[in-house]
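Here's the structure we're looking at; comments come further down.
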Amino acid sequence: MAMSNTGKTGSPTGNSRLHLLSRSVSKSELSRLLEQASLDQLLELVSARHAVHFETVRIGEDVLECLQLSDMEAYIEQRLNVPSPEVGPETGTGAGIDALPLWAKIWPASLPLAMYMRGVVPGHGERVLEIGAGLGLTGLFAAKRGFSVVLSDIVPEALLFARINALRNGLGDTVVVQSVNFIKEDHPDRYHRIIASEVLYREQFFDPLLSFFRTHLEPMATAEIVLSANAGRRAIKFFAAAKDYFQISRSCVPSPVPAVDFHGLPGTEANQKTYLYRLRPR
């Protein structure tokens, strides 16, 4: 896996919350942007607020260009000093880890998951959902493999970056980007595969996440959930509950660390190991 700088930059403006171009974007307007806006229009929108550039990410013979924030420190400082609407007004200003731009980095654990999906042969009509997709890297590599993919997150800016990445890499026709909140259970579809990296970092999410998996995985023997997580993540309670509904296997793999400075965000330790968990219906 190698990375290098290319692409377009812009200047960040404003000190808004989750506003785009200093105004609040409704759910319907966000959906319209994700479905109808061109790559140039989305880049103009994002670049008006952030300095951004593209990184080239390579796994084997597959290459993607992934939009990145050019000044992560400035964005972290901004997020730590404003309320966080996607978490909830009760958290107030400086909402700890929820104020960090966890969506805006390439997590080392996402790369082994992408490598796993490259080795899976898509069946006819198989659909993949990536939850907590952030920049969408893993799902995009799955799309390059031939899967029909839905990239999902709850952060509007993450969705815009993911859509830009899909369009930039010529995957706009096979990748759908949409808001999915696994806590609210308001998503109607089922999938042959559900994938996610680093979603097991908070115990309060375990029960709704397990409920989401049970509801939205296709009830067939070949369906599976594939999760990747830093080997240090403590998710024993999640898998203790999940074993009543799923057959679970685990493998440990090294995580290549992207050559990007994330300024001390959690989970950027070099040479860390990653667990890949496969869950199949009982």
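If you read the sequence from its start, that first residue is 1, and numbering goes on from there.
Contact annotation: the side chain of P122 never approaches that of H192 to less than 4.5 Å [non-hydrogen atoms, C-beta and beyond]. Between L111 and L137 there is a side-chain heavy-atom pair separated by less than 4.5 Å. Contact annotation: the side chain of R145 approaches that of V121 to within less than 4.5 Å [non-hydrogen atoms, C-beta and beyond]. Inter-residue side-chain proximity for L140 and L135 is flagged as unmet; no heavy-atom pair is nearer than 4.5 Å. Counting heavy atoms from C-beta on, the side chains of F147 and V120 come closer than 4.5 Å.
Screening Y116, F246, F239 for a ring pair (Phe, Tyr, Trp, His ring centres under 6.0 Å) with Y277, the sole residue that qualifies is F239.
In terms of heavy-atom proximity, V253 sits nearest to P112 at CG2-CB, 3.6 Å. Across S38 and L167, no two heavy atoms sit closer than the pair C-CD1, 4.1 Å. Nearest heavy atom pair, residue V46 against residue I164, reads CG2-CD1, 3.7 Å. Across all their heavy atoms, V175 and R163 have their closest contact at O-NH1, 3.3 Å. Of all the heavy atoms in F212 and I194, the pair that sits closest is CE2-CD1, 4.4 Å. L171 approaches K144 most closely through the heavy-atom pair CD1-CG, 3.9 Å.
Judged by distance alone, with hydrogens and angles left aside, the side-chain atoms of T138 form a donor-acceptor pair with the main-chain N or O of S110 at under 3.5 Å. In this structure, S31 contributes its side chain and K27 its backbone to a donor-acceptor pair below 3.5 Å. Looking only at distances, no side-chain donor or acceptor of S197 sits under 3.5 Å from a matching main-chain atom of A109. D153 places no side-chain N or O within donor-acceptor distance of the main-chain N or O of L159, the cut-off being under 3.5 Å. Using modelled atom types, one side-chain atom of S152 and one backbone atom of E130 make a donor-acceptor pair closer than 3.5 Å.
Summarising the local packing, CG of D173 is surrounded by 12 or fewer heavy atoms from other residues, nucleotides or ligands at distances under 6.0 Å. Within 6.0 Å of CZ in R214 there are 12 or fewer heavy atoms belonging to other residues, nucleotides or ligands. Within a 6.0 Å radius of CZ in R282, more than 12 heavy atoms belonging to other residues, nucleotides or ligands are found.
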With side-chain contact (heavy atoms from CB on, under 4.5 Å) as the criterion, how do V128 and Y191 come out once you've worked through the C-alpha distance, each side chain's angles and the decisive distance to 0.1 Å?
CA-CA 6 Å; V128 173; Y191 299 87; over 6 Å; no
Evaluate side-chain contact (heavy atoms from CB on, under 4.5 Å) for L129 paired with D189, printing each intermediate quantity in order.
CA-CA 10 Å; L129 170 69; D189 297 336; over 6 Å; no
From CA spacing to verdict: side-chain contact (heavy atoms from CB on, under 4.5 Å), F238, V199:
CA-CA 11 Å; F238 174 82; V199 294; over 6 Å; no
Let me see the working for F141 and M117 under side-chain contact (heavy atoms from CB on, under 4.5 Å), right down to the final yes or no.
CA-CA 7 Å; F141 274 112; M117 291 303 297; 6.0 Å; no
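One hydrophobic cluster holds both L39 and L30 under the rule that ILVMFWY side chains link at heavy-atom gaps under 4.5 Å. When the side chains of ILVMFWY residues are joined at heavy-atom separations under 4.5 Å, either directly or via intervening members, I183 and L227 end up in a single hydrophobic cluster.
The OG1 atom of T174 sits 12.5 Å away from the CZ atom of R127 when rounded to the nearest 0.5 Å. Expressed to the nearest 0.5 Å, how far CD1 of I195 lies from CD1 of I225 amounts to 12.0 Å. Distance check: Y245 OH to L210 CG gives 6.5 Å after rounding to the nearest 0.5 Å. Taken to the nearest 0.5 Å, the CD atom of E55 stands 12.5 Å off from the CG atom of L64. Summarising the geometry, atom CG belonging to N230 is positioned 9.0 Å from atom CH2 belonging to W107; distances are rounded to the nearest 0.5 Å. Between the CZ atom in F161 and the CD atom in Q68 there is a gap of 8.5 Å [rounded to 0.5 Å].
Both cation-pi conditions hold for R168 and F54: the charged atom is under 6.0 angstrom from the six-membered ring centre and inside a 45 degree cone around its axis.
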